[in-house]
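One structure is given below, encoded as structure tokens.
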There are 2 protein chains.
Amino acid sequence: MGIIRKTVSIDLLLNEFEQESNAISAVDLIKRLDKQINKTTIYRVLDKLEDDGVLHSFLGFDGVKWYAKCKGCTKSVHKDFHPHFQCLSCGTVDCLNIHVNIPEIPNREVLFSQLLIQGKCEACAA
Amino acid sequence: MGIIRKTVSIDLLLNEFEQESNAISAVDLIKRLDKQINKTTIYRVLDKLEDDGVLHSFLGFDGVKWYAKCKGCTKSVHKDFHPHFQCLSCGTVDCLNIHVNIPEIPNREVLFSQLLIQGKCEACAA
DNA sequence: CTCGTTAATGCAACCGAGTTGCAAATATAG
DNA sequence: CTATATTTGCAACTCGGTTGCATTAACGAG
Ligand SMILES: [Zn+2]
Ligand SMILES: [Zn+2]
Ligand SMILES: [Zn+2]
Ligand SMILES: [Zn+2]
């Protein structure tokens, strides 16, 4: 179920994503907004923003949840699928605007796929 | 650090992987061997078997750890990289013997990648 | 085979990400 | 302004995984 009422928590969270072009982990958001929003609320608002097609989520290499802005998704249609990149040096995670095509697999029906690429980001690949 | 002494726990765990061609989650192994091995030991042995190139691990869609047999890896050289498939109906997870090539990404150094494909397995794709 | 060393194990307590139940607060329609 | 439904905070909880430490067991030397 998506967002029904505009609240301060929602504004604060959306503001974090305006300021940041990279993905942000739920854990990091909890730290950043520690004095302003309870962690339960953060998880709940993120969940609703995802339902509404405002954000999308995925798991980083250690299994923690990351969120990033969606481009062109709506409450009913989520179409912004893409790989993600995690820098092993600085930990930064971001969305990759590339298409990787997944081959057909005999006798199986492929529905989704999640690709996480690890390496060094522009700043860290000296 | 790998395995130094042959123990009963190791035999029991390896036996599970002999009997099963699919991947097995750590959680499932703990359930299966509940009466025989402590969960701490299970995690530790799995870790060592991975170090030794006997098993490899990856995260399933919900972030839990899965293990499967390696083919042709040794303690020093881990070369058996491949995508994994998780069936959304029955939960089965297995290794895919296919190659998906990851494109170059401008200004970034790609070191690893993990691809998890979700869909319906042969048995469930009626 | 026995013994001593050291690796492996079991247990309990702990950690950290994420969830739940419920009462209190607040957004919004009327 | 008031009523009502949504949202929030808090505390307690769940669950996968880890840690510290005392006990047990593998195995090579003798
Ligand atoms: Zn970096
Ligand atoms: Zn993304
Ligand atoms: Zn299946
Ligand atoms: Zn595999």
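All values below come from the heavy atoms of this structure, side chains included, with hydrogens, waters and symmetry mates left out. Letters A, B, ... are given to chains in the order of the sequence lines, protein chains preceding strands, and every chain is numbered from 1.
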Tell me, please, the opening and closing nucleotides of DNA chain D, 5' to 3', among those with an atom under 4.0 angstrom from a non-hydrogen atom of chain A. D:dA5 to D:dA11
Spell out, as yes or no, whether a donor-acceptor pair under 3.5 Å connects the side chain of A:D52 to the backbone of A:V54. no
To the closest 0.5 Å, what do you measure between CG (B:L13) and CD1 (B:I10)? 8.5 Å
If you round to the nearest 0.5 Å, how far is CG of B:L55 from CG of B:D80? 11.0 Å
DNA chain C contacts made by residues 53-66 of chain B, counting heavy atoms under 4.0 Å: none
Using only side-chain N and O atoms of B:K48, determine if any of them is under 4.0 Å from OP1 or OP2 of C:dA8. yes
Does C:dG18 have OP1 or OP2 sitting under 4.0 Å from an N or O in the side chain of A:Y43? yes
Contacting residues from residues 31-39 of chain A, given that a heavy atom lies under 4.0 angstrom of DNA chain D: A:Q36, A:I37, A:N38
Base contacts versus sugar-phosphate-only contacts with protein, heavy atoms under 4.0 Å: please encode nucleotides 20-30 of chain C as B, S and - from 5' to 3'. BB----BBS--
Length of the line joining A:L29:CG and C:dG18:P, which is rounded to integer Å: 11 Å
A:I42 has an atom CD1; how far is it from atom C1' of C:dG18, in whole Å? 12 Å
Five-pair end axes of the helix from C:dC1-D:dG30 to C:dG30-D:dC1 and the angle they enclose, rounded to 10°: 30°
Sequence neighbours excluded and cut-off under 3.5 Å, please list the side-chain donor-acceptor pairs for residues 83-97 of chain B, or say none.
residue : atom : partner : partner atom : Å
B:H84   : NE2  : B:H56   : NE2          : 3.2
B:H84   : NE2  : B:H82   : NE2          : 3.1
B:Q86   : OE1  : B:F61   : N            : 3.0
B:D94   : OD1  : A:R108  : NH1          : 3.0
B:D94   : OD2  : A:R108  : NH1          : 3.3

